[in-house]
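Below: the structure, in structure tokens.
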Amino acid sequence: MNRSKIEWCDHTLNIVTGCRHGCEYCYARTMSLRFSGNVKLNITRVDKYRKDEGGYVLDNPFIGENGKQIIYPFGFEPTMHRYRFDTLDKLKMGQNIFVGAMADLFGDWVPDAWIDKVFQCCMEHPQHNYLFLTKKHGEICRLRYASGWGEYVLRNIDNKGR
């Protein structure tokens, strides 16, 4: 989790990263490619990750051959960073947390199980406010009732076709 310079949030939490919308001017895509290292090499290091229906899964930080962490080892491909689930434990006082700043958590390619795990993590830390940004607001509506966290989610939808 990172302290944020975004004026409307205190921290960003990116348990899931990556997106397949392909937006031309995507800030997150640009940043992920900047911090991905050699994606072709990273993909060959199969001992560092596993794949499931949604994409790549990292149980531990991906450490490059130089001994440094590679933040987005698969570029902007959907990735579940399981080792980030405990990062909220470090924040005691209520904060505004932007969840999925480097992804569209509700994209069609994200498995419901990934979304449920992120929401479970948030519900375990109710002292914080969580902010989500998505182009797939219909998915929020569908999932909030199907998953049982409907009461927990408030939504503000900007439907201007951006």
Side-chain angles (χ1 to χ4, degrees), residues 1-23 25-39 42-43 45 48-64 68-137 139-140 143-144 147 149 152-156 162:
M1 178 165 41
N2 295 317
R3 188 112 178 105
S4 177
K5 294 181 183 177
I6 302 170
E7 64 187 44
W8 45 266
C9 70
D10 302 308
H11 297 274
T12 58
L13 177 64
N14 291 298
I15 294 171
V16 174
T17 60
C19 182
R20 292 187 177 148
H21 285 306
C23 300
Y25 298 105
C26 181
Y27 167 83
R29 177 184 303 282
T30 301
M31 293 305 292
S32 70
L33 295 176
R34 180 177 170 198
F35 296 104
S36 62
N38 183 337
V39 175
N42 296 343
I43 289 173
R45 301 182 68 198
K48 300 273 187 196
Y49 69 91
R50 57 192 163 83
K51 287 190 80 169
D52 75 6
E53 63 188 295
Y56 298 95
V57 178
L58 294 171
D59 293 314
N60 297 297
F62 194 102
I63 306 301
K68 294 184 179 180
Q69 182 178 354
I70 300 173
I71 307 295
Y72 308 106
F74 312 109
F76 208 44
E77 279 300 303
T79 305
M80 164 74 84
H81 301 260
R82 294 182 54 82
Y83 61 92
R84 295 181 181 171
F85 278 116
D86 67 350
T87 56
L88 289 175
D89 295 340
K90 298 171 185 146
L91 296 176
K92 301 303 178 200
M93 295 177 53
Q95 302 284 313
N96 291 322
I97 300 172
F98 182 9
V99 181
M102 297 297 290
D104 187 339
L105 183 62
F106 301 98
D108 296 337
W109 56 88
V110 181
D112 290 355
W114 285 19
I115 298 168
D116 287 341
K117 288 176 185 173
V118 171
F119 271 93
Q120 184 61 41
C121 179
C122 294
M123 287 189 284
E124 290 171 2
H125 300 86
Q127 71 272 29
H128 304 301
N129 297 314
Y130 299 98
L131 305 124
F132 298 85
L133 180 66
T134 184
K135 291 182 179 222
K136 303 296 284 185
H137 55 81
E139 277 298 287
I140 293 175
L143 288 168
R144 72 185 273 201
S147 301
W149 40 260
Y152 188 74
V153 177
L154 298 174
R155 54 188 187 119
N156 181 8
R162 290 186 214 169

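Side-chain atoms are counted along with the backbone in the values below, which use heavy atoms only and exclude waters and symmetry mates.
- The CD1 atom of Ile115 sits 8.5 Å away from the OG1 atom of Thr134 when rounded to the nearest 0.5 Å.
- With sequence neighbours excluded, the residues that form a side chain to side chain contact (heavy atoms under 4.5 Å, CB included) with Arg45 are Asp47, Lys48, Phe62, Glu65.
- Salt-bridge annotation for Asp59 and Arg50: present, with a side-chain N of the basic residue lying under 4.0 Å from a carboxylate O of the acidic one.
- Shown here for Val99 and Cys122, the closest heavy-atom pair between the two residues is CG2-SG, 4.2 Å.
- Taking both residues in full, the closest heavy atoms of Gly37 and Asn42 are given as C-ND2, 4.4 Å, listed atom of the first, atom of the second, then distance.
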message: With ring-ring contact (aromatic ring centres under 6.0 Å, His included) as the criterion, how do Phe35 and Tyr72 come out once you've worked through the C-alpha distance, each side chain's angles and the decisive distance to 0.1 Å?
response: CA-CA 6 Å; Phe35 296 104; Tyr72 308 106; 7.0 Å; no
message: Does Trp109 form a side-chain contact (heavy atoms from CB on, under 4.5 Å) with Cys19? I'd like the steps, not just the answer.
response: CA-CA 8 Å; Trp109 56 88; Cys19 182; 3.6 Å; yes
- request: Assess whether side-chain contact (heavy atoms from CB on, under 4.5 Å) is satisfied between His21 and Asp104, documenting all intermediate values.
  value: CA-CA 8 Å; His21 285 306; Asp104 187 339; 2.7 Å; yes
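- Ring orientation note: the planes of Phe132 and Phe106 are nearly perpendicular, at an angle over 60° on the 30°/60° scale.
- Rounding to the nearest 0.5 Å gives a distance of 11.5 Å between OG1 of Thr17 and OH of Tyr56.
- Among residues two or more places apart in sequence or in another chain, the side chain to side chain contact (heavy atoms under 4.5 Å, CB included) test is passed with Cys26 by Cys23, Ala28, Arg29, Phe76.
- Under the 4.5 Å side-chain criterion, counting only non-hydrogen atoms from C-beta, Val39 is in contact with Ser36.
- Contact record, Pro78 with Gly54: CB-O, 3.4 Å, taken as the closest heavy-atom pair.
- Taking the side chain as every heavy atom from C-beta outward, Leu13 and Leu88 approach each other to under 4.5 Å.
- The CG atom of Asn14 lies 6.5 Å from the CE atom of Met102; values are rounded to the nearest 0.5 Å.
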task: Evaluate the side-chain contact (heavy atoms from CB on, under 4.5 Å) criterion for residues Arg84 and Asp86: first the C-alpha distance (whole Å), next the side-chain angles of each, then the deciding distance (0.1 Å), finally the verdict.
output: CA-CA 6 Å; Arg84 295 181 181 171; Asp86 67 350; 5.9 Å; no
message: Set out, in order, the CA-CA distance, both residues' side-chain angles and the distance that settles side-chain contact (heavy atoms from CB on, under 4.5 Å) for Arg82 and Val57, then state yes or no.
response: CA-CA 7 Å; Arg82 294 182 54 82; Val57 178; 3.5 Å; yes
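- Note that CG of Leu131 is 12.5 Å distant from NE2 of His11, once rounded to the nearest 0.5 Å.
- Using modelled atom types, no side-chain atom of Asn96 and backbone atom of Asp10 make a donor-acceptor pair closer than 3.5 Å.
- Between the side chain of Tyr49 and the backbone N or O of Ile43 there is at least one donor-acceptor pair closer than 3.5 Å.
- A donor-acceptor pair shorter than 3.5 Å can be found between the side chains of Asp52 and Trp114.
- With a 4.5 Å cut-off on side-chain heavy atoms, Cys9 and Ile97 do not count as touching.
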task: Decide yes or no on ring-ring contact (aromatic ring centres under 6.0 Å, His included) for Phe98 and Tyr130, but give the supporting numbers first.
output: CA-CA 6 Å; Phe98 182 9; Tyr130 299 98; over 10 Å; no
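- Judged purely by atom type and a 3.5 angstrom limit, His128 uses its side chain to pair as donor or acceptor with the backbone of Gln95.
- Separation of atoms CG (Asn60) and NE2 (His81) is listed at 12.5 Å; rounding is to 0.5 Å.
- Evaluation of the side-chain hydrogen bond (donor to acceptor under 3.5 Å, both in side chains) rule for Thr79 yields no partner, not counting sequence neighbours.
- Taking CD1 of Ile70 as the start and CG of Leu58 as the end, the distance is 10.5 Å to the nearest 0.5 Å.
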